[in-house]
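Okay, so here's the structure we're looking at.
Note that this is a predicted model, so its numbers are computed, not measured. The chain is numbered in sequence order, starting from 1.
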Amino acid sequence: MCPSRERLSTMLKLQLSLLAFLFLLVVSLGDASLLRTRRLSPSTEETVETYNKYYSYVELTERLQSLARKYPHIANLSSIGQSVEGRELWAMRITSDPSTDTPGKPKFKYVGNMHGDETVSRQVLVYLVEYLLAKYGEEPRITELVNSTDIYIMPSMNPDGFERSIEGDCSGDNGGRNNARNVDLNRSFPDQYDGTATNPEKIPEVMAVIRWIREKKFVLSGNLHGGTVVASYPFDDSASHQRQGQYSQSADDILFRFLALTYSQNHPVMKTGQPNCPDAMDETFKDGITNGAQWYDVPGGMQDYNYLFGNCLEITVELSCCKYPFASELHKEWNMNRESLLTYMEKIHIGARGYVKDNISGAALTNVSIVVEGIRHNLTTGKYGEYYRLLLPGTYNITAVAPGYAPMTVHGVQVMEGKATELNFTLTPLVTDTAGSITVSTSSTPSTSSSPIITTTSSPNSTHARVIPSEENKNSPSLPLPEHHAIQPQEFRHHNYADMELFLRKYSSEFPSIAHLISIGSSVEGRELYVMVISDSPMVHEHGEPEFKYVANMHGNEVVGRELLLNLIEYLCRNYGTDPEVTELVNNTRIHIMPSMNPDGYEVATEGDVKGYKGRNNSNNFDLNRNFPDQFITITEPRQPETIAVMNWLKSTPFVLSANLHGGSLVVNYPYDDDKDGLNKYSQSPDDKVFQQVSRAYSQENPLMHNGRPCEDLYPSENFKDGITNGASWYNVPGGMQDWNYLNTNCFEVTIELGCVKYPLAKDLPDYWEHNRRALLQFLHQVHTGVKGTVSDSSDGTGIPNATISVAEIDHNITTAHTGDYWRLLTPGIYYITASAHGYAPVATYAPVSEDKVVVVDFRLERLHSDTNGQAPPLSEKELRDLIKDLSLGQGLDELVKSSATENNFRYRPYKELSEFLRGLTLNFPNITLLHSLGQSAEYRTILALEISNKPRESEPSKPKIRFVAGIHGNAPVGTELLLEFAALLCINYGKNPAITRLINETRIFIIPSINPDGRERAVEKQCNSTKGFANINGIDLDTDFFGNSSQRMVKAQPETRAMMDLILDKGYTLSVALDGGFLVVTYPYDKPVQSVENEGTLKYLAGVYASNHPKMHLGVTGCSNNGQTGNIPDGVMRAAERKSHMGSMKDFSMDFGHCPEITVYTGCCLFPPADQLATIWAENKKALLSMLVEVHKGVRGVVTDKSGKPVVGAIIVLNGGVRVFTQEGGFFHALLAPGIHNIEAVADGYQEQRQEVVVSNYEAATSIAIVLDMDNNIFGLPREFVVASAAASMTALVVTACIIWCVCAAKSNHQKDGFHRLRQHRDEYDDEIRLASMGSKKSLLAHEFQDESESDEETLYANKI
C-alpha cells in the first residue's frame, strides 16, 4: 500500500506543477494581449463595445473618429454635409486603401436613422463598423468583403431628429422623426409620380445625400428604419397614389425581391413574416418582404430615387417594432441583424461587371449606358469606364451604348450564382452616318480563375469578340444582322390633360436613362406645361450636342400635333438601342418635346371641329401666336403666362432648330411671319435659304403636303409650291412665336400645319402618324447640318461663352453656349465664318458645307493682351479670378443661388423692427458687420447703413465697394425687404458657403435699406398706385433733391438727402444699385434730359447684367397695366430719362459727384404688394443681386505710383477720353467697363501723362494694371534743364547789371532805390507766371469731372472741393 501512496503523491505533484505552468502561460498570454491592445489604442474604453447605450451626436462623433484613427489602413471618416442645425452627416468608408478611389471595387452603402426617432439602425451600424474593422485580417469572409468592396456606412442621416427623440418611445409620439425644420426626409426626394418638390433650404440632409449618390455611383444600398420588422423594395409609390394595396412594380422587380429575401431570410424574426408588433398584431408579410407601395404609398422616398436617378439598387429594412427601444435591447438587435447585414452586402458581387473603353485610344468611356434586353432599366459607367449590373442567374443580351460610338450587343451572356461574370466592351467611334447597332453572338461564364473574360470590340462595319483564356471558345462567329422593323405606336386616341400627364410620367419612369420629364411653367388655369427631354443624357446639355424642340397645340383646338408628339415620344423610347436611326438621333441630339403649349384651350375644344375657334385661345382669350414681342409693331396685349414660360425656356437653353405644330392646312410656313407694312407679301429673313431647306426636308417626306394643294374642298385657292410658304406671303401674323425664336435666340423655327381639319376624329389619327412619321424624323435630322464646333481660349482651351459666330453676307449672328460650343445651320456652299469675342482677336476661316452632313469648325482665339505681363498672378488673386469666372459661366451663379439658401419668413417691417433687425445682424455677426448712422430723417429716425466685410473697421482701399440702396420712396418698400433678406443671406452663409465667404472677404458692401423711413411709416400695404408715403414728411420727393451745385438749389437740402450726399461723396464706391418699385425694368443714368451720355455702353451693360439674371425682366415684358407700362422694353433695360426725366436724382448725383455708376431696379408693377408676394419677388431678384457682387469685381483696377513706389493719391484715371475716376488711399482705383477694348490715361499734377490699352471680359475678374508715373520734365513745352539753365543765366545777368547800376548810382536818391525794388518785384512776378503757366494744362484737366457738360458750375464746385 505504501508504494501506491508514493506513486499517488508523485502524480499529484506532477499535476500541480502542470497546472501552475498552464496558469503562468495564460497569464503571460493575457499580458501580451493586453499589451498589444494598449499599443493599438491609447484608450481601452474607446474600443470596448458594451451594447447597452445609445451614442449621442458627440459620442457618435468621438467613437467614429477613434475608430478611423485606430484603423487608418481600412477606414476613413468623412462628412457628406451638415444637418439643419449644423451637425455633420458622418460616413465611414471601409475598404483597403480607403484614401484613394481604386477601380474594380463596387460601392455599397448603408444609411441609418433617417427618421430621427427610429434609432436601432443608428447603433447597429456603429456595431457593424466595429465588427468589420475588428474582424478584418482575422476572418477570411470579412477580409475578402472589405478588400473587394468599397463600403460606406452612415449611422445617422438625421442627427437633429435623434437629439430630440426620447428613449422608450416606441410609437414616435414625442417627435424627432422629422428634421429640425419638421420635414420628413423620406418624403423629400424627387419622385417619379409626384412633381411637387420640397424647398431645398429645408432639407440640407436630403440635398447632401443626393449629391453623395450622384457622385459615388453606388451599386447596392440598404436604408434602415424602425417601426416593424420587414424588408421593403421599390417602388414605394404608384401613379395613382392609392394609400395601400397597389403593387408598384419596377423593371428589376424579381431582382429586388431576391435582395429583400436575402436580408429577411437571414433574420430570425423577419423571415417568419410575423413581426407581432403590439400596435399591429395582425400585420403579416409573406417571407418577411413587401413591395413598398403595396404596403403603403410613400411619395418622395429615398429608395426609389436611388434606383431611378442614382445607378443604385436600394431596399428599405424595418429592424424593430419599437422605434426607440431601451438600450438593453441593442445587443439582441445586433445579433439578429448581423448575418443579414453581411449577406446582403455580399450580393453586390452578383451579375455582370466590366469596363468600357475606346477601341482607338484605349481611354475609359464614362456615362456609357449598359442595356439589358428585357429589363427596361439602364445604368451607366463610372469615371474609370466601370460598370456593375446586378442580375440573377440566367442568360442575357447586354448592350453598351455611347454617344458617338457604334453600340455593341453581346448575346448569350451567362450569369451564374456567385461571382459576377466579367464582360468588357471596347467601342469604336462612328466614322459614318450609316453605322448602326452591331451585335455579336457568344457565350460567357463567371469570371473565376478558369473562366473567360469576354472583351467585345465594335466598329462601324464589323464586330469582334475575343474570349480568353478558355480553349474551347477561341472563335465566336458573328451572325448576320436580322432585318430590323421599328416598333410603331399601337394605341391612337385623343389624350386629355390627365391622360397626357400620365402618359408622359409613364414613359419618363419607364425609360429614365433617356427620358426626363420637366415642366417649364403653368397655364392660366394652373396646368403644367410639360416637356419631355429625350437624349442619352437628358438632364444636362452635353458639349457639342445640339438642342432641338417640337412644340404643339399652341392653339388649343389644333390637336394633331399634340397626338403626333406623344406618338413620337413612344417611338423614340421603344426603339432606342434597337433601331439605328433612333439610337443615333437620341445619342447625338437633346430632343425637347412639348405636346401642349395651351392645355387650357384643349380642354374646351371639341372633337370633330374642322375650322372653328372654340379652344383656340388660352383661358384669358388671347391668341398665343399673336402674343410674342414683334420686330415691326408693338404688341399691346398683356404677355400671357404660357408665352412668358416659353420665352424663359428658350432663353435658358441653346436651341438650334424647332418646329411649331399647328392645324388647319397642310404646309410648312417659315419666317418672317409679318412685315413692316402689315401686308401679305414675301418677308424675307437673312436665312431665307436655310428656312426653305429645312421646310422642304419636312414636306418632301409627306406626299400630301409636298403636292402643294392640300385643302381644295375647304380652301380651293390655296396653293403652296413644294408644300412650303413664307409666312407673311401667306398671311400676316404679328407677334408670332417663330419670328421671336429667330430674332431673339439662336433657334431657327418653322410652323408646320399638319392637316386641314383642326380636331379630327380619333379614328383618323393612325393616318396622321403614317403621313408624318418620316417627316418628323427627317426634320429632326436637319439639326445636324451646316457648321458646328467650339470657340475656345488658345492659352488654356477653356470654352468661351457668348462668342459671336458671323457668316459673311448673312446678316444674322449666333452665339456660343456656356461651354463655347455652337451650331450654325447653313445650306450647301462655301462660307467665310468669323468667331469673335470681347478681349480676343477674331479668327476667320472658310468652311465648305455639304448636304446632309455637319462640318466641324473649331476656333481658338488669342487674348489681345496679357493681364499680368506674362507673370502668374498670386495664388489668392488667382483663386478670386477663378471664382469670378466660375460664377460668370455656365450654371455657376445658379448653383450659388441654390447653395446659399436660407430659411426666411417674409413680412413688411416697420422702422423699429428694421433697426432692430440690422442691430441683430451686428450682434450675431460682429466680425463681418458694422452699423453706421448716416443722419436722421425729418422726423428724427436714424438712417442706417450696414457694412459687410471681413474687416469692416479697417480701411481697405484695394477692395471694390458696392452700395445697395432702397426706400427712397416710402410707398415702395419691397426693395427694403429684399435688402434686409440679402444682408441676412450674406451673413448667415459667411464661413459656410465658400463663394459667399470669398465675395465678402474681397468686397466692401454697404446696405442702406431705407432712405425715407418717414414716408415708409405712412405708406399702406396692398396699394399698388397710392402716393401716400412717396415723399418725405416735408412733401419732398427725395429723388429730386440731389443737387451738388448751390446755384441750382432753391431751398436747403432735406436731411435724408444730405445724409445720402455725404455718404456718396465720402466713399469711393465702384457701383451702386438702387431698388424702387412701380415698374419692371432696370434704368441707367441719366434721369436729367441730356443729349448724350458718356460711357453709355458700360452703364447699359451693367443694367443688362441685372436684368439678364431676372427671370422676367430680361424679356422686356412688363405687363404693368396699372401704370401704362405695357410695351416691350428691349432686354428690360432703358435710359432713366426715357422712362421719366427729372432733375436732382440720386443716380445723377452719384455719377457726377460720387464718380460711381448707379442703376435703378424697379422690382415690380405694384408699389406696395401684399406681403405674401415677397417670397416670390425675392426668388426673382436673388440671383440678380448676387450677380452685382460678382460684377463689381470686373472692369479694370490698379494702382498708381511714382518711380519710387510712393502711391499717387488723387490722380485722374481717364476712361476712353471721357469718364474720370480718381485714385484713392494707396493710389488704388477701380472702374467698371463694358466688355471690350478700352483706353486708360493717368494724369497727375507734376507727372507725365501715361496711357495704356486694356481688354475687359464679361466673365473674368478685373484687368489689373500698375501705372508708374514719371516726373514732368517739360516747362512751356521745353526740357526742364534748358529752362532752368536759361533762367539761371538770365538771373545772373540781372544781378550783374543791378550791381553795376547800384555802383554807378549809389549816390543817387532813394527814388532810384525804389526803382531797383520794383525791378526785383517784377522778377518775382515773372517767376510766378512761369510756375502757373507750367501747371495750367494740368489744372484745366483737374477741373473736369465725371459729368455732363451742362453741369460746368457743378464741376467747378467739386473741383474746388477736392
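- Using modelled atom types and a 3.5 Å distance limit, the side chains of Glu1225 and Ser955 yield a donor-acceptor pair.
- A search for side chain to side chain donor-acceptor pair (under 3.5 Å) contacts involving Asp1076 returns His969, not counting sequence neighbours.
- Taking the ring axis of Tyr152 as reference, the NZ or CZ atom of Lys109 does not stay both within 45° of it and closer than 6.0 Å to the ring centre.
- Every residue two or more places apart in sequence or in another chain that forms a side chain to side chain contact (heavy atoms under 4.5 Å, CB included) with Lys383 is listed here: Asp101, Thr366.
- A donor-acceptor contact closer than 3.5 angstrom links the side chains of Ser899 and Asn993.
- For His932 and Glu947, the side-chain atoms include at least one donor-acceptor pair closer than 3.5 Å.
- In this structure, Phe964 has its ring center under 6.0 Å from that of Phe982.
- For the pair Arg963 and Phe1006, the cation-pi test (distance below 6.0 Å, angle within 45°) is failed.
- Residues meeting the salt bridge (Lys or Arg N to Asp or Glu O under 4.0 Å) test with Arg907, sequence neighbours left out: Glu913.
- With hydrogens and angles left out, the side-chain atoms of Asp793 and Tyr840 include a donor and acceptor closer than 3.5 Å.
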For salt bridge (Lys or Arg N to Asp or Glu O under 4.0 Å), just list the numbers for Glu1191 and Lys1194, CA-CA rounded to whole Å, side-chain angles, deciding distance to a tenth of an Å, and then say yes or no.
CA-CA 5 Å; Glu1191 203 62 32; Lys1194 298 178 184 177; 3.2 Å; yes
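- With sequence neighbours excluded, no residue forms a salt bridge (Lys or Arg N to Asp or Glu O under 4.0 Å) with Asp1131.
- For residues 977-997, the salt bridge (Lys or Arg N to Asp or Glu O under 4.0 Å) pairs, not counting sequence neighbours, are Arg909-Glu977.
- Every side chain to side chain donor-acceptor pair (under 3.5 Å) that Gln82 has, sequence neighbours left out, goes to Glu88.
- Glu879 and Arg998 are joined by a salt bridge, as a carboxylate oxygen and a charged side-chain nitrogen come within less than 4.0 angstrom of each other.
- No option in Leu896, Asn1109, Leu985, Leu978 other than Leu985 meets the side-chain contact (heavy atoms from CB on, under 4.5 Å) test with Lys1182.
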